[in-house]
Amino acid sequence: MSRIQGGKPTPSGATYDGKGVNFTLFSQHAQRVELCLFDKQGTETRVDLPARSGNIWHGYLPALKPGQRYGYRVHGPWQPQRGHRFNAAKLLVDPCAREVDGDVPDDVRFQGGEWEIDLADNGDIAPKSVVVADDFDWQDDVAPRVPWGETIIYEAHVRGLTKRHPSIPEALRGTYAALGHPAMIDYLRALGITTLELLPVAQFAHEPRLLRAGLTNYWGYNPFALWAVDPRYASGEPGVSALQEFQQAVKALHAAGIEVVLDVVFNHTAELEEIGPTINLRGVDNASYYWLDESGHYPNWTGCGNTVNLSHPQVRAWALDCLRCWVQNCHVDGFRFDLATVLGRTPDYDIAAEFFNEMKACPILSAVKLIAEPWDIGPGGYQVGNFPAPFAEWNDHFRDVNRRFWLHGALSNGEFARRFAGSSDVFAQSGRPPSASINLITAHDGFTLRDVVSFERKHNEANAEDNRDGSSENHSNNHGVEGLTASPDVQQRRRQSVHALLTTLLLAQGTPMLLAGDEMGQTQHGNNNAYCQDNELTWLNWPQFDQGLYDFTAALIHLRRQIPALTADSWWQEGDGNVQWLNAGGQPLMSEEWTQGLHRMQILLSGRWLITINATQDVATMTLPNGEWHAIPPFAGDNNPILSTAWHGPAHGVCVFLKQG
């Protein structure tokens, strides 16, 4: 091995320049940093990083090549009460590693010690960082750059989406390669999806408690290598790395005009609480990377044991560099931020936090889609409507109001209309467009749409937490029978409710997000927190595909594209011709009908498309406004697709008409 040289403090991580590898590591409080190199037999060679520029340790090794496995041992004080947990007995993954070989087992040697240091060496079992080359041939790849007003988001899990897909070769099912397979791309295009939002693909660990219960982390919200593509979803094709396979999938989706948005986790890591495993950040510089209280404990604002401190300038730089890496090296089109309130913690939430300012100022990050899950469980954690542009936000007001309106007959016509009109009371005051409201009825976290109308209680026994986990407030309605099996009459009422909820989602102002599988009747049998179910409970059940429901959903998406009031992405104003709110008689809603009337109304969009709504338990007859109206299949309710002047609407029913001429 050549003698190590000083190298440069940038770029972050391990960088191959064609002649050798430059290594950098941020640690403000370390006293010494050892770079540990591993050969094919696993023999470890240690060498000190010889240079330090500010808080960046760095060194350069000539002749090293991509594929080199490495890690760090960081020396410094063991003073947990002051936040310092340095322990050179623990081999650490590079926080900027682009590839990681190995997983984090449930082994006591990963526990660096809660308050007393544990000096058991874990080098032989610790995952190893890997040097990679940025040499993927993107050819003429072009980002689709779908306008927000035309965006249809489809939230999916890499494995769950394709694991049971009969038209994808078995060896590829559940992998990145399957995402780019023609069968999957043709499906997404036919459905009308513009933007595929993937649950986390950055490398994550299984929580020790899950492993002890015989379970694994399925969703992936337990990361330890946020720059690295997780190899779990690689097909294993010889000569193709997980990173390259993911890049190829993005390239194929882009060629079909489909964006790729990644769900990312910068609020906590797999190091969990003080007794959790020491993998990288804790051992690199615990006092910088994590929020700590005065006694050295982690404030648990995430529910996962620790909280990343993005108010620290160099921790923030690490996160922003990571995001830029995904955009520049993997060509992703945006991010959905898990528990995004943490991004703005100072420690109180601040809409003007530096993380937001630096993202907005970055020409790379400000040009992609940014979506916040606008809450965490810390003080003042619920921040819906309080994120700065250009962020959009998951809108749980839309979800809850529409479930309560359609499934329980609760709330007023006015509250329903506010959510249907993009929640202007939440988002317009901040100067953001309607697309800032990510409208959803369901998401990975909660019931599927079929389960929303089939279960009133969660059934999470398989999660080994005695059904204590998951939300108990779901605003669901089983229509009188708990479970999937029910009489034809109950099934018909459930289908009407599903149609009503889908119509509201896909024809409302804002950005619709569809949970993968809802369009085909996917069920999780009442499990509303299936984070640890990597099996047929969560994998989409393609063999039992509901063609009728799929056709209905696809028709809604394609109808949405025709309505200017929905694609213009501008707030509706009185008299602008975008919307009229009418009562059952076809006349403008009166003041008392907004606040207390029967849940029956008509919504006229762009002067031509009429949505009739009956959210009561009784059949309704509505007089359509003046004009000749054609009931559009498959949204014709009980009508035939002929010219109509009245709508005889079933309970919990909707119909969509097109004005002739």
Side-chain angles (χ1 to χ4, degrees), residues 155 199-200 207 219-223 226 263-274 276 281 289-295 297-312 315-316 319 323 335-360 370-401 403 419 423 425-427 429-430 432 436-440 442-446 468-475 513 528-529 531:
E155 190 200 30
L199 267 67
E207 293 89 332
W219 287 348
Y221 294 97
N222 195 43
L226 286 94
D263 200 330
V264 291
V265 184
F266 285 97
N267 55 77
H268 76 280
T269 76
E271 293 185 311
L272 306 174
E273 61 283 312
E274 288 83 1
L281 305 188
Y289 273 106
Y290 294 117
W291 283 104
L292 302 171
D293 64 20
E294 294 180 355
S295 60
H297 289 88
Y298 299 124
N300 191 7
W301 298 330
T302 63
C304 300
N306 61 59
T307 305
V308 175
N309 182 7
L310 292 169
S311 73
H312 190 292
V315 177
R316 189 165 61 246
L323 295 171
F335 305 96
R336 178 267 189 189
F337 294 88
D338 181 63
L339 300 183
T341 298
V342 169
L343 307 182
R345 285 205 173 274
T346 61
D348 293 333
Y349 177 78
D350 184 356
I351 193 174
E354 283 304 308
F355 187 87
F356 299 138
N357 294 335
E358 292 179 18
M359 288 195 77
K360 188 173 183 178
L370 303 174
I371 301 169
E373 182 187 39
W375 49 76
D376 65 22
I377 65 170
Y382 186 76
Q383 292 292 335
V384 176
N386 198 28
F387 276 72
F391 275 87
E393 302 175 34
W394 275 23
N395 185 357
D396 63 333
H397 296 303
F398 185 94
R399 177 197 64 201
D400 294 348
V401 163
R403 288 191 187 186
R419 303 303 148 228
S423 297
D425 58 324
V426 177
F427 296 102
Q429 294 179 358
S430 63
R432 287 182 289 168
S437 174
I438 303 297
N439 296 336
L440 66 153
T442 57
H444 70 274
D445 187 1
R468 295 189 303 269
D469 63 305
S471 175
S472 298
E473 187 176 17
N474 298 287
H475 307 299
M513 187 187 83
N528 73 350
N529 189 35
Y531 74 102

Evaluate the side-chain proximity of [Y] to [X]: yes if any heavy-atom separation is below 4.5 Å, no if none is.
X    : Y    : result
E393 : V384 : yes
W301 : P379 : yes
W219 : P200 : no
M513 : N395 : no
F355 : T346 : no

Is a donor on one side and an acceptor on the other found under 3.5 Å between the side chain of [X] and the backbone of [Y]?
X    : Y    : value
E373 : L339 : yes
E274 : Y298 : yes
R432 : F387 : yes
E155 : H444 : yes
N529 : S471 : no

Please report the closest heavy-atom contact between [X] and [Y], naming both atoms and the distance.
X    : Y    : answer
N474 : N528 : OD1-ND2, 3.2 Å
D293 : P299 : N-CD, 4.1 Å
V342 : F266 : CG1-O, 4.3 Å
N267 : T302 : O-CG2, 3.4 Å
R403 : H475 : CB-O, 3.5 Å

Worksheet item: Can you name the one residue among N300, T307, D376, N306 that meets side-chain contact (heavy atoms from CB on, under 4.5 Å) with H268?
Response: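 Testing H268 for a side-chain contact (heavy atoms from CB on, under 4.5 Å) against N300, T307, D376, N306 leaves exactly one candidate, N306.
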Worksheet item: Between Y221 and D263, does any side-chain donor sit less than 3.5 Å from a side-chain acceptor?
Response: yes
Worksheet item: Under 30°, 30 to 60°, or over 60°: which ring-plane class applies to F391 and F356, parallel, tilted or perpendicular?
Response: perpendicular
